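This report refers to the structure that appears directly beneath it.
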Amino acid sequence: MTLTLTVSDEVRALAPGFTHVAVEAYGLANGPSTEGTSALLDDAARRLAGRLGGRAPHEDPHMVAWREVYTAFGSKPSRTRNSAEALARRALSDAGLPRINLLVDLYNAISVAHLIPVGGEDIEHVSGGMRLVRATGDEEFVTVAGGTGTVERPDAGEVVWCDGVGVTCRRWNWRQGPRTRLTEESTSAIFLLEGLAPMPVAGVEAAAAELADLLEKFSPGARVTVHAPE
């Protein structure tokens with residue numbers, strides 16, 4: 001893997017059932033959302049409804065596990081939901097899923113269809129490797145509030161993804177920073193699919209394989225690698 005990913009011992013101790021699968025891709029073609037990606041998002045919402053069988057997203061066993069982990073590091077899961085639960089709620093609402101851009105639509109569709117947190121980072125804007133750690137509280141998270149750039153600091157003990165510059169995603173997979181997000185100019189990316197027991201590792205791998213197929217379909221000629229679970 002060109003981009004190294006590490007998970008700290010403290011995070012492993014907090015969530016011993018955690019597994020992530022990385023999909024690394026180069027030569028991607030991004031751009032505005034298309035009819036094809038819009039159809040994928042609509043289909044993902046239908047798949048989600050079938051998976052839930054009338055339950056609310058937070059009642060799914062995988063989402064229950066994420067809520068328990070969020071509580072364990074001091075976050076309130078009903079206020080700061082993991083990315084999969086937040087997307088699932090939007091998918092089932094009257095408004096439906098947002099259309100962002102081609103690449104974001106693809107990984108959002110996988111997240112919703114499989115009810116699993118998925119994130120995408122622009123490799124060109126990641127400094128050094130990425131690490132999943134428990135924050136000291138001194139790290140910087142550059143974000144936008146009210147249309148203005150601002151710097152936040154995570155809570156001590158909060159689980160964050162970070163690189164050599166600062167935090168790239170707060171509260172594990174709750175809010176991504178704008179510095180590394182995928183824009184319409186992005187051509188290389190690392191996608192992270194994250195699972196907790198009772199989600200089987202094979203389930204995370206299946207979601208990653210489906211994402212890889214979509215990336216190759218929408219970006220012919222792209223170099224896509226699905227890495228082994230860690």
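Computed from a predicted model, the values in this text were never measured in an experiment. Atoms considered below: every heavy atom in the structure, side chains included; atoms not considered: hydrogens, waters and symmetry mates.
- Rounding to the nearest 0.5 Å places CE of Met199 at 8.5 Å from NE2 of His114.
- Here the side chain of His62 pairs a donor or acceptor atom with the backbone of Leu196 at under 3.5 angstrom.
- Considering only heavy atoms from C-beta on, Leu5 comes within 4.5 Å of Leu192 through its side chain.
- Residues passing the salt bridge (Lys or Arg N to Asp or Glu O under 4.0 Å) test with Glu124, sequence neighbours excluded: none.
- The distance from atom CZ of Phe191 to atom CD1 of Ile123, rounded to the nearest 0.5 Å, is 8.5 Å.
- If you take OG on Ser83 and CD1 on Ile116, they are separated by 9.5 Å, rounding to the nearest 0.5 Å.
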Test side-chain contact (heavy atoms from CB on, under 4.5 Å) on Val118 and Asn108 and set out the steps. CA-CA 7 Å; Val118 184; Asn108 279 350; over 6 Å; no
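- Across all their heavy atoms, Ser188 and Tyr26 have their closest contact at CB-CD2, 3.6 Å.
- In the hydrophobic clustering of this structure, Leu214 groups with Val226; members are Ile, Leu, Val, Met, Phe, Trp, Tyr whose side-chain heavy atoms approach within less than 4.5 Å, directly or through other members.
- Val126 and Val165 fall into different hydrophobic clusters, where Ile, Leu, Val, Met, Phe, Trp and Tyr are joined by side-chain heavy atoms under 4.5 Å apart, directly or via other members.
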Report the C-alpha distance between Leu103 and Leu215 in whole Å, list the side-chain angles of each, state the deciding distance to 0.1 Å, and finish with yes or no for side-chain contact (heavy atoms from CB on, under 4.5 Å). CA-CA 8 Å; Leu103 291 178; Leu215 293 171; 3.8 Å; yes
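- Within the structure, the salt bridge (Lys or Arg N to Asp or Glu O under 4.0 Å) test picks out the following pairs touching residues 60-70 (sequence neighbours left out): Arg55-Asp60, Arg67-Glu85.
- Side-chain contact check for Leu182 versus Tyr107: some heavy-atom pair is nearer than 4.5 Å.
- Not one N or O on the side chain of Arg99 forms a donor-acceptor pair closer than 3.5 Å with the backbone of Asp105.
- The two residues Trp161 and Thr6 come nearest to each other via the heavy atoms CZ3-O, 4.1 Å.
- What you find for Ala189 and Leu28 is that their closest heavy atoms are CB-CD1, 3.9 Å.
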For Gln176 and Glu121: C-alpha separation, side-chain torsions, deciding distance, then whether side-chain contact (heavy atoms from CB on, under 4.5 Å) applies. CA-CA 9 Å; Gln176 182 187 32; Glu121 309 282 351; 3.0 Å; yes
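- Judged purely by atom type and a 3.5 angstrom limit, Arg223 has no side-chain atom pairing as donor or acceptor with the backbone of Glu24.
- Other residues, nucleotides and ligands place more than 12 heavy atoms under 6.0 Å from the CZ atom of Arg134.
- No hydrogens or angles considered: nothing links the side chains of Thr168 and Thr180 as a donor-acceptor pair under 3.5 Å.
- Using bins of under 30°, 30° to 60° and over 60° for the plane-to-plane angle, the ring pair Tyr70/Phe73 lands in the tilted bin.
- The salt bridge (Lys or Arg N to Asp or Glu O under 4.0 Å) check on Glu152 picks up Arg170, Arg175, with sequence neighbours excluded.
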Could you check Leu211 against Val224 for side-chain contact (heavy atoms from CB on, under 4.5 Å), going step by step and ending with a plain yes or no? CA-CA 10 Å; Leu211 175 58; Val224 182; over 6 Å; no
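- Using modelled atom types, one finds a donor on one side chain and an acceptor on the other under 3.5 Å when comparing Trp172 with Glu194.
- Within a 6.0 Å radius of CZ in Arg89, other residues, nucleotides and ligands contribute 12 heavy atoms or fewer.
- In this structure, Glu59 places its CD atom where more than 12 heavy-atom neighbours from other residues, nucleotides or ligands lie under 6.0 Å away.
- For the pair Ser38 (side chain) and Glu35 (backbone), a donor-acceptor distance under 3.5 Å is absent.
- When side chains are defined from C-beta on, Pro77 does not count as touching Asn82, because their heavy atoms never get closer than 4.5 Å.
- The OG1 atom of Thr37 sits 9.5 Å away from atom CG of Asp42, with the distance rounded to the nearest 0.5 Å.
- Cluster membership check: Phe18 does not share its hydrophobic cluster with Val23, using side-chain heavy-atom separations under 4.5 Å among Ile, Leu, Val, Met, Phe, Trp and Tyr.
- Put simply, the side chain of Arg179 reaches to within 4.5 Å of the side chain of Asp163, judged on heavy atoms.
- The two residues Pro117 and Ser111 come nearest to each other via the heavy atoms CA-OG, 4.2 Å.
- Val112 and Ile110 fall into different hydrophobic clusters, defined by Ile, Leu, Val, Met, Phe, Trp and Tyr side-chain heavy atoms under 4.5 Å apart, directly or through other members.
- Contact annotation: the side chain of Pro32 approaches that of Glu184 to within less than 4.5 Å [non-hydrogen atoms, C-beta and beyond].
- Looking at Asn30, its side chain does come within 3.5 Å of a backbone N or O of Leu102 through a donor-acceptor pair.
- Linking ILVMFWY residues whenever their side-chain heavy atoms come closer than 4.5 Å, directly or via other members, leaves Val21 and Val7 in distinct clusters.
- Dense packing is recorded around CZ of Arg153, with more than 12 heavy atoms of other residues, nucleotides or ligands lying under 6.0 Å away.
- To the nearest 0.5 Å, atom CG of residue Asn101 and atom OG1 of residue Thr34 are 10.5 Å apart.
- Between Val160 and Pro154, the shortest heavy-atom distance links the atoms CG1-CB, 4.0 Å.
- Leu92 has its side chain within reach of Pro57: a pair of non-hydrogen atoms, C-beta onward, lies under 4.5 Å apart.
- Side-chain contact between Val133 and Cys162 is present, with heavy atoms from C-beta onward closer than 4.5 Å.
- In this structure, OG1 in Thr71 is found 13.0 Å from CH2 in Trp66, a value given to the nearest 0.5 Å.
- Remark: Glu210 engages Arg47 in a salt bridge, criterion side-chain N to carboxylate O under 4.0 Å.
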